[in-house]
Amino acid sequence: MRLLLLPLVLVLSPHSAIAQADSADPLGGDALATVGASQVIRLAETGRFSDLLRRLQADFADAPADAHTQSLIDDLSRFHVNASEYAAKRQEAFNSKLDKLTEALDAQKLDEALILAIEAHGLSDEPEAVFAHPAVVDAVAKARAHAKASEAASDWVEAASIYRLLNLLYEEQDGYEEDLKRVSLRLQMLGLYAPKVLDALYEERAKRNGDGEPDAQPQEQIEPDDWTVRLRGVDQKMLDQALLWSARKHVDGGGYKPMVRGAVERLRLFAQTPGLEQTFASMADPVKLKTFTDHLDRTAARLEDPHLQIERIEASTITEGILAANDATLKLPENVLIYEMGEGAMGTLDDFSSIIWPEELESFSRSTQGAFSGVGIQLSRRDGRLVVVSPLENTPAQKAGVKSGDIITAVNEKPTASWTLNRAVNEITGPEGSEVTLAIERGTENLTFTLKRARIIIESIRGWEHRAAPDGGGWDYWIDQKAGIGYVRLSQFIPQTAGDLDAAVAQMQEVQPIRGLILDMRFNPGGRLDSSVEVVDRFVAEGPIVSIVDGDGNKTSTERARKFRTYEDFPVIVLVNQGSASASEIVAGALQDYGRAMVVGNRSFGKGSVQDLYGLDNYKARLKLTRQYYMLPLGRIIHRKQNAKEWGIEPDLTVSVTNEQIAEALQLRQDADILRDAPPAAADLPEGQAPPTTAATILARGVDPQLEAAVLILKTRQLAGRILAGDPNAQQALLNDK
């Protein structure tokens, strides 16, 4: 039991004093109110919404409920209907998936069979039982054998496809993660250095699966990143310094030896990947290739000696020896060897330590600084074309009239058909004040926009829905204004996050007091530690927020709350899921430890490590290195280590959702977030055309039960408050207790 959650535990625990009063007889008015309030809260906070609905319907069968309570009953009814309909569809879909799985196996369609097994697992009320189903057992055995055979035949695309599906099916067990990582490295190498070879493998697979004709070309001919550009500026000094800092500072203190071993193994994999000779002709020479790989093999064997000690000089000697062996044989570009050794070395540390190479610095800075210079558009690739998802508010693109759905056919007269999203972003962004010309296709129109780039502030805080321009624009943060419930999405933690949250809260409080707030941090990957601390500080008046500890659990620093920043005490619910990581887990976990917020959703990702940045070669590159771990106020370390049983933030109320629900909810959310002109009146819409998606559509369709649960809990708490306050309308809820 968490000591700081004691008030909440008294409400939820069946052994608490309040719960014991449920059966006491007779009851006075105050005790009766306490019992009624505790009962409705308990039903809501344990997810028993159908029981709560039946309770309220019975209580108000003979007397009308007040407007607030009736709104709760209506919401509960909608939730019940949506949940019942979805449960029936879910069971039907589960049975259908298993039937189709058997058919796919009979037709020897392994990919399809595994996908159906994954979908059945996600739909089942007893997911673990799915693994024992005969058809699933058969599919897994055949898939495992096929993946191994494909890997042995150098068909990396086929092997990766099967391993990826197996890894998804056994995600919690991590059963196929290493297999997938090994084969994926081959694909990455081909994709970077020999993309035509990789394309050929994809084409061959498409032919086998009946997805294309022998002479057919892929539908999307996306121009790959040129390795000579990607590796521009990479040099040995960066590798040497990265190894030095990592050996001295990494949280687990493994030293040089594991990293050097990883660097050598990566190069061995590189040398043994057929297809790279299409770019590096010397690799087609079997004598030169064998001489080089023999040197790597001898080095690898030497590194297996448990008595061998590797320090800085020895590490440099080994890497320089590899470069010398290359000069005498394959004569591969030195930056290729340096890059591969660097990636291999960092891969032995953890998932979050990495070298930010020179060509990656700009995009890395954009993601951490909270601003960039551009025109303000969100982009995606659809059907092989570069499409505007939405312009950002008050940016050059929005002011010039760029709209959602516009297709960007050229940038500065350069066609975009073959561009990756990365290439598009790099071409459209640029120095503040400079100009960029976009050729846009909008329906049957061809338009040209010449835009002056400006400083674009990244949004880390979003509301429930955009307000129309006539209403002043910006975000409306009320998910239910009549109930006083606000909604704030925190998409990442950047320097302005806490200030933007202050503005959102102030905007709501100018209208009316906040009687409940939902902080949605699902799919929030984290960001800056100081920003997450500032957000927690808004809700907690005093005490530790997060401590930094070393690999042995010793505290090295602690961030604490300060009273003068704290908001007034309104109820808070935090939404998290498996995509909530790092800084978002600190916020959710700290608020949970203090009992300041109830956490709803699914267990979070479990990224509780601290990365520091080090300059490499006079800051031409950077090293992002895991130095320490986060510890929450009650002593939890949330980082997910290998073979860990517990990690992340476990919700107070787990609300499961299927992949289909997640996909539909995300699509509706994206559609609702599109910045549009004032919505047309229903009478003005063309016949048969549906009105634009709004945020309310998400609740109406019942595709986001986690969000609905948060609203229902907050409304139920308000009902309990009215009961305790002696509201005569709310007191009707006590009739059945007499």
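Basis for what follows: all heavy atoms, side chains included, without hydrogens, waters or symmetry-related copies.
- Val576 places a side-chain heavy atom less than 4.5 Å from the side chain of Val574.
- Shown here for Ser656 and Asn602, the closest heavy-atom pair between the two residues is CA-ND2, 3.9 Å.
- What you find for Leu190 and Trp156 is that their closest heavy atoms are CD1-CD1, 3.6 Å.
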Derivation of the ring pair (Phe, Tyr, Trp, His ring centres under 6.0 Å) call for Phe280 and Trp227 = CA-CA 12 Å; Phe280 306 113; Trp227 71 267; 5.4 Å; yes
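- Rounding to the nearest 0.5 Å places CZ of Arg603 at 13.0 Å from OG of Ser580.
- For Glu126, the CD atom is loosely surrounded, since the number of other residues' heavy atoms within 6.0 Å does not exceed 12.
- Using a 4.0 Å cut-off between charged side-chain N and carboxylate O, Asp179 and Arg182 make a salt bridge.
- Partners of Tyr163 by ring pair (Phe, Tyr, Trp, His ring centres under 6.0 Å), not counting sequence neighbours: none found.
- Side chains of Tyr176 and Arg164: no donor on one and acceptor on the other come within 3.5 Å.
- Side-chain atoms of Leu379 and Val387, non-hydrogen and from C-beta on, never get closer than 4.5 Å to each other.
- Residues Leu575 and Leu519 are not in side-chain contact: their nearest non-hydrogen atoms beyond the backbone lie 4.5 Å or more apart.
- Taken to the nearest 0.5 Å, the NZ atom of Lys181 stands 6.0 Å off from the CG atom of Asp351.
- Checked by atom type and distance alone, the side chain of Glu203 never pairs as donor or acceptor with a backbone atom of Leu198 at under 3.5 Å.
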inquiry  = Could you go through Asp294 and Asp297, starting from their C-alpha distance and side-chain angles, then the distance that decides it, and tell me whether this counts as side chain to side chain contact (heavy atoms under 4.5 Å, CB included)?
reply    = CA-CA 5 Å; Asp294 283 349; Asp297 292 344; 4.3 Å; yes
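- Between Glu646 and Arg640 there is no salt bridge, since no side-chain nitrogen of the basic residue lies less than 4.0 Å from a carboxylate oxygen of the acidic one.
- Taking 4.5 Å as the limit, some side-chain heavy atom of Met283 sits within range of a side-chain heavy atom of Leu330.
- Atom CG of Leu105 and atom CG of Leu110 lie 7.0 Å apart (nearest 0.5 Å).
- For the pair Asn577 (side chain) and Phe523 (backbone), a donor-acceptor distance under 3.5 Å is present.
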task = Test Gln91 against Asn95 for side chain to side chain contact (heavy atoms under 4.5 Å, CB included), laying out the working first.
result = CA-CA 6 Å; Gln91 185 60 46; Asn95 295 333; 3.3 Å; yes
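- No salt bridge links Asp226 with Arg230; every basic N to acidic carboxylate O contact stays at or beyond 4.0 Å.
- Note that OG of Ser584 and CD1 of Ile649 are 9.0 Å apart. Values are rounded to the nearest 0.5 Å.
- Look at Lys207 and Glu204 and you find no salt bridge, because none of the NZ, NE, NH1 or NH2 atoms lies under 4.0 Å from a carboxylate O.
- Nearest heavy atoms, Asn524 versus Leu490: ND2-O, 2.6 Å.
- Taking CD1 of Ile662 as the start and CG of Asp704 as the end, the distance is 9.5 Å to the nearest 0.5 Å.
- Applying the side chain to side chain donor-acceptor pair (under 3.5 Å) test to pairs two or more places apart or on separate chains, those with a residue in residues 79-90 are Ser50-His80, Tyr86-Thr658.
- The backbone N or O of Glu92 sits nowhere less than 3.5 Å from a side-chain atom of Ser96 that would complete a donor-acceptor pair.
- With contacts defined as side-chain heavy-atom distances shorter than 4.5 Å, the pair Arg186/Gln272 qualifies.
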query = Given the rule in the side chain to side chain contact (heavy atoms under 4.5 Å, CB included) test, do Arg522 and Leu707 qualify, once you have shown the distances and angles that lead to the verdict?
reply = CA-CA 10 Å; Arg522 292 173 296 178; Leu707 176 59; 4.1 Å; yes
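- Contact record, Leu165 with Ile118: O-CD1, 3.4 Å, taken as the closest heavy-atom pair.
- Arg636 and Asp593 are joined by a salt bridge, as a carboxylate oxygen and a charged side-chain nitrogen come within less than 4.0 angstrom of each other.
- Here the side chains of Asp652 and Val600 are not in contact, with every heavy-atom distance at 4.5 Å or above.
- Side chains of Glu359 and Leu231 form no contact here, defined as non-hydrogen atoms less than 4.5 Å apart.
- With rounding to the nearest 0.5 Å, the separation of CD in Gln108 from NZ in Lys142 is 7.0 Å.
- For Glu585 and Lys607, the salt-bridge test fails: no basic side-chain N is under 4.0 Å from an acidic carboxylate O.
- For the ring-ring contact (aromatic ring centres under 6.0 Å, His included) condition, the pairs that include at least one residue of residues 635-673, sequence neighbours left out, are Tyr629-His639.
- A salt bridge does not link Glu103 with Lys109: none of the charged nitrogens is closer than 4.0 Å to a carboxylate oxygen.
- Between the side chains of Gln706 and Asp520, not a single donor N or O lies within less than 3.5 Å of an accepting N or O.
- Counting heavy atoms from C-beta on, the side chains of Phe94 and Asp125 never come closer than 4.5 Å.
- Panel note: side chain Ser124, backbone Ala120; no donor-acceptor pair is recorded below 3.5 Å.
- Between Ala147 and Ile162, the shortest heavy-atom distance links the atoms CB-CG2, 3.7 Å.
- Under the 3.5 Å distance criterion, with hydrogens and angles disregarded, a donor-acceptor pair is assigned to the side chains of Glu340 and Tyr193.
- Pairs passing the side chain to side chain donor-acceptor pair (under 3.5 Å) check and including a residue from residues 111-122, sequence neighbours excluded, read Lys97-Glu119, Asp111-Ser161, Asp111-Arg205.
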Can you give me every donor-acceptor pair (side chain of residues 341-350, partner residue at least two apart or in another chain, under 3.5 Å) with its distance?
from   : atom 1 : to     : atom 2 : distance (Å)
Glu343 : OE2    : Trp357 : NE1    : 2.9
Thr348 : OG1    : Ala345 : O      : 2.7
Asp350 : OD1    : His250 : NE2    : 2.7
Asp350 : OD1    : Ser353 : OG     : 2.7
Asp350 : OD1    : Thr626 : OG1    : 3.1
Asp350 : OD2    : Phe352 : N      : 2.7
Asp350 : OD2    : Ser353 : N      : 3.1
Asp350 : OD2    : Thr626 : OG1    : 2.8

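- Nearest heavy-atom pair, Met598 versus Leu653, reported as atom, atom and distance to 0.1 Å: CE-CB, 3.7 Å.
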inquiry  = Assess the residue pair Thr697 and Asp671 against the criterion (side chain to side chain contact (heavy atoms under 4.5 Å, CB included)); give the C-alpha distance rounded to whole Å, side-chain angles, the decisive distance to 0.1 Å, and a yes or no.
reply    = CA-CA 10 Å; Thr697 310; Asp671 293 345; over 6 Å; no
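- Phe49 is linked by a ring pair (Phe, Tyr, Trp, His ring centres under 6.0 Å) to Phe79, counting only residues two or more places apart in sequence or in another chain.
- Ser609 and Gln611 are linked by a side-chain donor-acceptor pair at a separation below 3.5 angstrom, with hydrogens and angles left out of the test.
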